[in-house]
Amino acid sequence: MGVKLTKKDVIWSYLAQFFGIASGIFILPIILRLLSTEEIALNYLIGSLGSMVALFDFGFAPQFGRNITYVFSGAQEIHKKGIQEVNGLGEINYNLLANMINTAKFVYLRIAIFSGIVLCTFGTWYIYSVTNGFTSVNHVIWIWIFTIISIFLSFYFTYFDSLLIGRGLIRKAKIAGIISKVVYISLAISFLYMGYGLFGVAISSLCSTFVYRFISYRFFYDRDFKEKLKGIKPKPEERKELFLKIWHNSSRLGLVFISAYAINNLSMFLAGLYLSSEEVASYGLLIQLVGIIGVVSGTLINSYNPTFASLRISGKSKELMQTFSFALFVYLSLFIMGASFLIFLGPMVLEFIGSNAVLPNAYIMMAYCLVVILENNHSNFGTLIVTKNEVPFLKSSVIAGFFVAIGDFLVLNYLSFGVLGLILVQGIVQLAYANWKWPLLVCQEFSTSYLKILRLGYKETILKVKLLR
């Protein structure tokens, strides 16, 4: 059983991303207009803490998703490194699958507990510090309590996303996400207009988490699938063996993700301690809007991840490169268009809606967009490399994360470059190695060049557009 991305999967993926960014489209203007600068800054700082705690996933989500795809593609065993190529339609090993699911539940329960402990201790200290002893924002303690509960449950239910995507139920995974987002958006808008502020947003997030879990469970455990798993009892020793195999690469991906946090998100965390609320709100707004552009642009290539894994395990190198080139070309095209709109029209839109937070100067936005597109570009190539069940970029990612962290601290503590300094530190460190190394590695593996990949992506895009007519 192979995993292929259908037109419906693509459509639902974009619909899911639309509702994912709808919080920016519908909720963000209300937040910017109704909340104070201190509340806006707190919103972004809580988001930075959420991003930091997300590191406790430690690479398990993509590892579980990819290995579940391998099992549904016919793999009879899981390897620590490398993959078992499957020719033709391999039979699904339901005993292996049941133990994989059990291992995912086991892992994420413990991750959720650990993340809750960290948020209750270190997270509480941080929020106390940036709100002047819980005084600068109303109901900040209750906001933080509901945020902790929401993040805890979100972590525990994360394995459902890996299960659905790994099984190839991409459309259903996106539908579950859409429904939960609709619940979140509807409740958040209502609570904001009722005057509950960030407290209402936290409650909305918690409710949407429960909705996502309920729907995902119903989608994954359908009647036919339950019947096939019936009678299979996961064994602790097999769970331990699977965990150790997955942990081999997950630990490496986890260190990569920690480094990625230092590169992409630590600056916001430190900004809360060194910069004013106005600067934090401005920088946070830029990160959020560029993040939305990145999410929309990367929807297609992220949706193709199970397909990349399936093509890799099937040994279909030519089709793999064609598919990747197409998805990469779409990503780059959409990001450039979105960044151009933000730089030239973003400030006018914010002024029109009466925002209490403003974007940085145009040259700062241009620098940040350039840094992000280069970052995401080499990350896309890294995703393709990981389909070989190998993580060759561990050492370089850790080194880059270390230098970015040190650079961010020096810029904020000893220099007066502010937000621009944070952006330049990230850009210079990544340009020194990662921005060119991983695209080059893929080009060498497939005996091609970056320009040839772009040309192939353009041709594949034109071909697919013609087929839609």
Side-chain angles (χ1 to χ4, degrees), residues 21 23-52 126-127 129-132 136-137 140 143 192 197-198 201 261-295 335 338-373 375 404 407-427:
I21 66 172
S23 59
I25 297 174
F26 300 124
I27 299 176
L28 182 59
I30 300 173
I31 288 176
L32 295 176
R33 189 171 67 251
L34 296 183
L35 302 187
S36 66
T37 303
E38 289 75 18
E39 289 175 302
I40 296 171
L42 177 62
N43 183 46
Y44 289 125
L45 295 176
I46 288 177
S48 73
L49 273 179
S51 298
M52 182 183 68
Y126 180 75
I127 296 299
S129 300
V130 299
T131 58
N132 297 321
S136 64
V137 176
V140 64
I143 292 171
L192 282 168
L198 286 183
V201 175
Y261 176 85
I263 293 168
N264 299 310
N265 300 101
L266 183 62
S267 58
M268 173 55 69
F269 178 84
L270 293 175
L273 299 174
Y274 286 94
L275 302 181
S276 66
S277 296
E278 290 76 13
E279 290 175 299
V280 171
S282 179
Y283 186 37
L285 181 59
L286 175 63
I287 292 175
Q288 181 178 11
L289 294 178
V290 175
I292 290 173
I293 294 170
V295 167
F335 191 96
S340 299
F341 179 88
L342 174 65
I343 293 168
F344 295 109
L345 298 178
M348 288 187 287
V349 173
L350 290 178
E351 185 178 355
F352 175 77
I353 66 173
S355 171
N356 288 322
V358 296
L359 284 165
N361 293 328
Y363 68 90
I364 293 180
M365 289 193 285
M366 291 178 66
Y368 185 70
C369 288
L370 178 61
V371 168
V372 170
I373 194 172
E375 176 81 25
V404 169
D408 285 346
F409 173 75
L410 293 176
V411 163
L412 290 172
N413 201 45
Y414 297 105
L415 303 176
S416 57
F417 290 163
V419 171
L420 179 60
L422 297 174
I423 295 170
L424 291 177
V425 166
Q426 178 182 343

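Since the structure is predicted, the reported quantities are computational estimates derived from the model, not experimental observations.
The minimum heavy-atom distance linking Val280 with Tyr44 is given by the pair O-CD1, 4.4 Å. Shown here for Ile40 and Ala281, the closest heavy-atom pair between the two residues is CG2-CB, 3.9 Å. Between Leu412 and Leu275, the shortest heavy-atom distance links the atoms CD2-CD2, 3.9 Å. Shortest non-hydrogen contact noted between Val404 and Gln426 is CG2-CA, 4.2 Å. Across all non-hydrogen atoms, the minimal contact from Gly346 to Leu359 is C-CD1, 4.0 Å. Pairing each heavy atom of Pro360 with each of Met365, the nearest pair is O-CE, 3.7 Å.
To the nearest 0.5 Å, the span separating CG on Leu34 from CG on Leu198 amounts to 11.0 Å. Within the model, atoms CG of Leu342 and CZ of Phe335 stand 9.0 Å from one another, a figure rounded to the nearest 0.5 Å. Taking CZ from Phe352 and CG from Leu345, the interatomic distance works out to 13.0 Å, rounded to the nearest 0.5 Å. Within the model, atoms OH of Tyr283 and OH of Tyr368 stand 5.5 Å from one another, a figure rounded to the nearest 0.5 Å. Atom CG of Leu270 sits about 10.0 Å away from atom CG of Asn413, to the nearest 0.5 Å. To the nearest 0.5 angstrom, Leu42 atom CG is 9.5 Å from Leu49 atom CG.
Among residues two or more places apart in sequence or in another chain, the side chain to side chain donor-acceptor pair (under 3.5 Å) test is passed with Tyr126 by none. Qualifying side-chain contact (heavy atoms from CB on, under 4.5 Å) partners for Tyr363, counting only residues two or more places apart in sequence or in other chains: Asn361, Leu420. The side-chain contact (heavy atoms from CB on, under 4.5 Å) check on Ser129 picks up Trp125, with sequence neighbours excluded.
Contact of the Ile143 side chain with the Ile46 side chain is registered, since non-hydrogen atoms from C-beta on lie closer than 4.5 Å. For the pair Val358/Leu350, no side-chain contact is recorded, criterion being any heavy-atom separation below 4.5 Å from C-beta on. The shortest distance between side-chain heavy atoms of Ile293 and Phe341 does not fall below 4.5 Å. In this structure, Cys369 and Ile343 have side chains that are in contact, with non-hydrogen atoms separated by less than 4.5 Å. Two residues are said to be in side-chain contact when any heavy atoms from C-beta on lie closer than 4.5 Å; Leu32 and Leu285 meet this criterion.
A side-chain donor from one of Ser276 and Glu279 sits under 3.5 Å from a side-chain acceptor of the other.
With hydrogens and angles ignored, the 3.5 Å screen pairs a side-chain donor or acceptor of Thr131 with a backbone N or O of Ile127.
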